[in-house]
Every structure is written in C-alpha cells, then in structure tokens.
Amino acid sequence: GRVKFVFVNEDVERSKADEFIRSTQPNFEVRYDPDHSFARSMGATNSTPSLVIEGGKGGRQVIGGSISKEELMALIDQALG
C-alpha cells in the first residue's frame with residue numbers, strides 16, 4: 001500500500017504561499033487552493049479540513065479538527081487495507 005500526503009495552502013495571496021514553500025522546502029505536494037475548490041472536490045464540507053485520506057478499504061475520509069498521532073496512524077492503516 002501507499003499513502004500520499006498533500007498539503008493544501010489556502011493563503012489568499014500567492015506570494016505568501018510561495019514563501020511558505022521556499023521557507024519549508026516540503027518533500028510532499030503542496031496545492032495552492034485559495035478558493036477551496038480542491039478541498040471541496042475531495043469532499044471537505046468546511047473550508048479547512050485537517051486531513052483527507054483516500055484508498056483501500058476505508059474509502060475517502062475527510063477529517064476536520066485535530067487528531068492524535070494514534071488516530072492518524074489508525075486511519076492510515078485502514079486506508080492501506
């Protein structure tokens with residue numbers, strides 16, 4: 001199985017989003033989404049989901065709010081099947 005992490009940057013100003021990428025140099029995909037269209041396409045019902053996990057037997061799960069490391073690992077295990 002495989003898990004892919006995508007960070008959704010919702011800054012209204014593109015320059016702030018670009019600065020985030022330059023300053024953090026993430027090793028995962030960063031999507032610029034100021035109008036929340038990507039988040040909504042993934043099933044988010046509010047403007048800032050914490051996490052979207054898709055795959056395996058778990059289907060697509062959209063999690064809002066904070067979750068613990070243990071909860072995150074359980075969700076990833078479920079997604080991997």
Side-chain angles (χ1 to χ4, degrees):
R2 186 171 173 221
V3 174
K4 179 179 180 179
F5 291 90
V6 178
F7 177 81
V8 178
N9 187 311
E10 297 178 327
D11 282 318
V12 175
E13 295 178 42
R14 181 63 190 240
S15 62
K16 288 183 179 182
D18 292 340
E19 177 56 32
F20 168 80
I21 293 171
R22 276 194 300 277
S23 67
T24 60
Q25 298 181 350
N27 61 354
F28 48 83
E29 181 180 349
V30 177
R31 291 266 185 129
Y32 180 59
D33 190 35
D35 65 356
H36 314 293
S37 60
F38 176 73
R40 281 194 301 274
S41 76
M42 296 303 293
T45 56
N46 61 22
S47 64
T48 54
S50 296
L51 179 65
V52 176
I53 297 177
E54 184 172 30
K57 297 177 182 176
R60 179 178 290 167
Q61 301 176 58
V62 180
I63 295 88
S66 61
I67 63 171
S68 69
K69 178 181 177 181
E70 292 77 20
E71 291 168 317
L72 173 60
M73 295 308 295
L75 290 168
I76 291 171
D77 286 344
Q78 182 181 1
L80 292 174

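The figures here come from the full heavy-atom set of this structure, side chains too, leaving out hydrogens, waters and symmetry mates. In what follows, residues are counted from 1 in the order of the sequence shown.
Ion pairing between Arg14 and Asp18 holds under the 4.0 Å rule for side-chain N and carboxylate O. Under 4.0 Å is where a charged nitrogen must lie from a carboxylate oxygen, and between Arg31 and Glu29 at least one such pair does. Of the charged side-chain nitrogens involved, none lies within less than 4.0 Å of a carboxylate oxygen, so that Lys16 and Glu19 do not count as a salt-bridged pair.
Contacts of Tyr32 classified as ring pair (Phe, Tyr, Trp, His ring centres under 6.0 Å), with partners at least two apart in sequence or in another chain: none.
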